[in-house]
Amino acid sequence: MPVVVVESPAKAKTINKYLGPDFTVLASYGHVRDLPAKDGSVAPDDGFAMTWEVAPESRKHVKAIAEALKTDDTLILATDPDREGEAISWHLKEALKSSLKKGKTVSRVTFNAITKDAVTKAMKEPREVDEALVDAYLARRALDYLVGFTLSPVLWRKLPGARSAGRVQSVCLRLIVDREMEIEAFKSQEYWTVKAVFRTPRGQEFEAGLVTLGGKKLQKFDIPTATAAELAVQAISSRTFAISAVESKPATRNPWPPFMTSTLQQEASRKYGMGAKQCMNAAQRLYEAGYITYMRTDGIDMAPEAVMATRGEIEKRFGKPYVPDSPRMYKNKAKNAQEAHECIRPTDMGLGPEKIRVEDDQRRLYDLIWKRTIASQMAAARLERTAVDVTSPDGQVGLRANGQVVLFDGYLKVYDQGRDDEGEDEGRLPQIMQGEPAEKGAVAPEQHFTQPPPRYTEATLVKRMEELGIGRPSTYASILTTIVDREYVRKDKNRLIPEDKGRLVTAFLANFFHRYVEYDFTADLETQLDDVSAGERDYKDVLARFWRDFSAAVAETADLRISEVLGKIDDFLSPHLYPPRADGGDPRACPTCGTGRLHLKTARSGGAFIGCGNYPECRYTRPLAGDSESVASDGRILGQDENGNEISLRAGRFGPYVQRGEATAEQPKPDRSSLPKGWSPDSLTLERALALLSLPRLVGAHPEDGQPVETAIGRFGPFVKHGATYANLPDVEEVFTLGMNRAVEVLAQKRSRGPRAGAAAAGPLKVLGDHPSGGEVQVMPGRYGPYVKWDKVNATLPKDLAPEAVTLEEALALIAEKAAKGGGKPARKTAAKAAPKAAKKPAAKKTAVKKPAAKKAAPKKAAGA
């Protein structure tokens, strides 16, 4: 009984239903192997050899497949029909090598839809794993690894606060930052338009806009002021008008092509506000349920049988006039289009949206896909466009009205694509005859200002990336998710806005790695990778050319001083960091001392801020985005406490904070408290400020030992404390409201996790966050002192760095330094001692699986033959 392997259990369940009991269908649960997240997993000096390991969570799935192969001689790899699916099949084949001996056979099958016909047909057409597609995957994976693990440590050392950089994500981030800089540099220009209402002899009204004044055709900015607009209004009001011309032209509108990945993401964003990730998750579930064809594609053609089924459904539902004489054929115009599978369409055109029972987001997406597919094969819409000229007898003043009439709706009966702009459709005009008088009604001027380019939405960003040839359909969702998760970009009402952290990273890369964030360079690299997938280029040659120049660029940054880096970034971001002042003064002049110049600075904690160049004489600081009206550098007085001390809200290098009184010789450090995350400076009251300054708050005496129980807000958030026990609180408000019963419960839960018997058994002192390559970074207690831990890398904390004070950026730098030295768990020492023995039989001891060049070349020749 053959063993069939697919990616997901949902897909396995559907396919098992079609194949029946003669097949064993198992799921790999996605990729089973990956590059270990540490230095050395790709070796440029060893022919770009790549070390792979089976992920811990995948071992049980690989074992289940191996167990099934003990009694079955045939393995059928039925993963998705794209580059990533081919890579999963290759990984499975490599991971199962020990189980594929003694005459067992391996084959690869693909299908574009999970239907009975498609699956059974695919089983009759097995093939080998496509080595060219695997090579393209290896090249992409190696490039992304080398960029991430080489460039990210440079960022951590030279640009405190940065988290990571990626080959495509950094270019995508640059698009968003560049657009924001365009918006900030934009200077609006005023202009006016004038419209008048006219009435026909039959009493029907229509509106026309002024296009001719003083016998001269008006351009956009020819009426620049309210005064000029009023003169134009008077010119219209003082004249009579007649219809000088009526011109009607027939027009047609053809339907849009069916969806591919990028256009589906764009339309789901426009019509439903779906993010790219949400859209692809819903599409994945529809595909696995057998409702739609494969959803990661840049193809827009349809299988002939699907075209005929669509035309039949159109005639059945809407009648013969809605079916064009011949089927519509579509050709992809996207830059670097490749891997051209069929478009995204329903597997059964007769299965309308009203007939399927799925979750709401899947239903809406299926409705969109079904309508777009149906519309793509429908007849064109027929329109009549009319232009009416209204002119004064002397010819000095002329107005024009435009409108259209839909004569036959065609595909518009089912679907019309959304638009990214907000322009209005032309309205329908009444019956108007040339030569007849036009009775003048209200005349109104309207003020306008030119608008900056709009911020990107996910839809428009995907469209722009597609136009530039950056990334691929399967990567757009993950790229957008990454830059939002890294806090380089935030979403506000579906618009993408760069955070200051994202601006800093872009400025650094634009100044010191300019070539690698160029749009043309990234698109050209994508073309080379496409050539690899087509078998026209060797992937190691692509890697070698890239690595030669990239490693040299990284080496050039070794001697860069942080002050030099900050200076270049300061200049690059100057329009954003130092916007023009309302009084026309120097935007870089220090508002406190008046003589110092403002500069970009960084703190040890990793945050960036603006500070005065006269430090330490002048201690003015503010956040990167500038002083907010509510948090001025010199403080905003909120009121006084019961002792008459002023309570003020101020801006510091680490954000807004409240302060009691002023510094004096007796008390050089007045009481201060930072605003907790989520607290808005604009809504801060004196009562809330006093509550912050009163922390730590005494809840009372613990009922068991009488020791005080207190609440406070620390570096890592709100907590409750009893003796040496600290327990995190989920909500900052509990710091001010927590009662004894709740406090005892939270503390008991913390203690119930068990005593710390040693470093091996102890839990983390603190979870700092996620490593750029995935996985938590933790502060751990150790026998010889605290250390930071990530994956298999343990790095001891310096003696002067307290475990409760360590930041994620500091931890990442320590981990990178340790990994560069080959450091890891103590178990590595054992492995090192065993190395001489292992050297005698390297093939038996190697856990790395490398793809030899000789084995790779042979299949290519066979494929070429």
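Excluded from the calculations below are hydrogen atoms, water molecules and symmetry mates; all remaining heavy atoms, backbone and side chain alike, are included.
- When atom types are taken as modelled, the side chain of Asn614 and the backbone of Glu617 share no donor-acceptor pair closer than 3.5 angstrom.
- In this structure a side-chain-to-backbone donor-acceptor pair under 3.5 Å is missing from Tyr726 to Val720.
- Among all heavy-atom pairs drawn from Ile88 and Ser28, the shortest one is CG2-OG, 4.0 Å.
- Within the 4.5 Å cutoff, side-chain heavy atoms of Phe736 are placed close to those of Leu695.
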Practice task
Kindly indicate, with the supporting measurements, whether the criterion salt bridge (Lys or Arg N to Asp or Glu O under 4.0 Å) is fulfilled by Glu733 and Arg688.
Solution key: CA-CA 11 Å; Glu733 295 301 325; Arg688 301 280 273 176; 2.8 Å; yes

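- Between the side chain of Ser170 and the main chain of Gly166, a donor-acceptor pair closer than 3.5 Å is present.
- Note that the NZ atom of Lys491 and the CD1 atom of Ile483 stand 10.5 Å from one another [nearest 0.5 Å].
- Shortest non-hydrogen contact noted between Ser673 and Leu693 is N-CD2, 4.1 Å.
- Asp492 and Arg495 are not joined by a salt bridge, as no carboxylate oxygen comes within less than 4.0 angstrom of a charged side-chain nitrogen.
- Put simply, the side chain of Ile497 does not reach to within 4.5 Å of the side chain of Val489, judged on heavy atoms.
- Note that CD1 of Ile479 is 3.5 Å distant from OG1 of Thr475, once rounded to the nearest 0.5 Å.
- Minimum heavy-atom separation, Pro676 to Val732: CB-CG2, 3.8 Å.
- The shortest side-chain heavy-atom distance between Lys13 and Glu288 does not fall under the 4.5 Å cut-off.
- Side chain of Gln659 to backbone of Gly661: a donor-acceptor contact under 3.5 angstrom is found.
- The two atoms that bring Ala477 and Met280 nearest to each other are CB-CG, 4.2 Å, heavy atoms only.
- The two atoms that bring Gln362 and Ala282 nearest to each other are CG-O, 4.0 Å, heavy atoms only.
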Practice task
Carefully, step by step, assess Leu692 and Ile713 under the rule side-chain contact (heavy atoms from CB on, under 4.5 Å).
Solution key: CA-CA 9 Å; Leu692 273 178; Ile713 301 173; 4.0 Å; yes

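- Contact annotation: the side chain of Asn728 never approaches that of Pro718 to less than 4.5 Å [non-hydrogen atoms, C-beta and beyond].
- Put simply, OH on Tyr456 and CG on Leu480 are 12.0 Å apart, with the number rounded to the nearest 0.5 Å.
- Within the model, atoms CG of Leu690 and CD of Gln640 stand 11.0 Å from one another, a figure rounded to the nearest 0.5 Å.
- Residues meeting the side-chain contact (heavy atoms from CB on, under 4.5 Å) test with Val744, sequence neighbours left out: His702, Pro703, Met740.
- Heavy atoms only, all atoms of each residue included: Leu566 and Lys601 are closest at CD1-CA, 4.2 Å.
- Take Gln278 and apply the side-chain contact (heavy atoms from CB on, under 4.5 Å) test, not counting sequence neighbours, and it matches Met274, Asp361, Arg364.
- Here Glu734 pairs with Arg742 in a salt bridge; the nearest charged N to carboxylate O distance falls below 4.0 Å.
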Practice task
Determine, stepwise, if the pair Thr51 / Leu35 fulfils side-chain contact (heavy atoms from CB on, under 4.5 Å).
Solution key: CA-CA 6 Å; Thr51 301; Leu35 298 171; 5.6 Å; no

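- Salt-bridge annotation for Arg503 and Glu499: absent, with no side-chain N of the basic residue lying under 4.0 Å from a carboxylate O of the acidic one.
- With hydrogens and angles disregarded, no donor-acceptor distance shorter than 3.5 Å links the side chain of Gln749 to the backbone of Val746.
- By the 4.5 Å heavy-atom criterion applied to side chains, Tyr620 and Leu598 are counted as neighbours.
- Environment of CD in Glu57: crowded, with over 12 heavy atoms of neighbouring residues, nucleotides or ligands closer than 6.0 Å.
- Relative orientation of the Tyr29 and His61 rings is parallel, given thresholds of 30° and 60° on the angle between their planes.
- In this structure, Glu710 contributes its side chain and Lys721 its backbone to no donor-acceptor pair below 3.5 Å.
- Remark: the backbone N or O of Gln707 is paired with a side-chain donor or acceptor of Asp705 at under 3.5 angstrom.
- Using a 4.0 Å cut-off between charged side-chain N and carboxylate O, Arg141 and Asp34 make a salt bridge.
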Exercise for the section: Begin with the C-alpha distance, continue with both residues' side-chain angles, and end with the deciding distance and a verdict on side-chain contact (heavy atoms from CB on, under 4.5 Å) for Leu496 and Thr457. Expected result: CA-CA 6 Å; Leu496 298 170; Thr457 63; over 6 Å; no

Practice task
Apply the test salt bridge (Lys or Arg N to Asp or Glu O under 4.0 Å) to residues Glu7 and Lys11: give CA-CA distance (whole Å), side-chain angles for both, the deciding distance (0.1 Å), then the verdict.
Solution key: CA-CA 7 Å; Glu7 297 95 332; Lys11 187 175 176 182; 3.0 Å; yes

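- Heavy atoms from other residues, nucleotides or ligands lying under 6.0 Å from NZ of Lys277 number 12 at most.
- Not a single donor-acceptor pair under 3.5 Å links the side chain of Ser41 to the backbone N or O of Ala37.
- Side-chain atoms of Phe508 and Val154, non-hydrogen and from C-beta on, do get closer than 4.5 Å to each other.
- Atom OG1 of Thr150 is separated from atom CG of Asp39 by 7.0 Å, given to the nearest 0.5 angstrom.
- The shortest side-chain heavy-atom distance between Arg486 and Thr482 falls under the 4.5 Å cut-off.
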Practice task
Using the side-chain contact (heavy atoms from CB on, under 4.5 Å) rule, take Leu286 and Leu365 through it: C-alpha gap first, then chi angles, then the decisive distance, then the call.
Solution key: CA-CA 9 Å; Leu286 289 170; Leu365 199 65; 4.2 Å; yes

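- We find that Asp791 and Lys38 are not joined by a salt bridge, their nearest charged nitrogen and carboxylate oxygen being 4.0 Å or further apart.
- Between the side chain of Ser269 and the main chain of Gln265, no donor-acceptor pair closer than 3.5 Å is present.
- Under 4.0 Å is where a charged nitrogen must lie from a carboxylate oxygen, and between Lys789 and Glu776 no such pair does.
- No side-chain heavy atom of Asp485 sits under 4.5 Å from any side-chain heavy atom of Asp770.
- Going from atom CG of Leu768 over to atom CG of Leu812 covers 8.5 Å, rounded to the nearest 0.5 Å.
- Around atom CG of Asn643, more than 12 heavy atoms belonging to other residues, nucleotides or ligands sit under 6.0 Å away.
- Side-chain N or O atoms of Arg697 include one that pairs as donor or acceptor with a backbone N or O of Val735 at under 3.5 Å.
- A donor atom on one side chain and an acceptor atom on the other are not found under 3.5 Å apart for His576 and Glu180.
- Relative orientation of the Phe149 and Trp790 rings is tilted, given thresholds of 30° and 60° on the angle between their planes.
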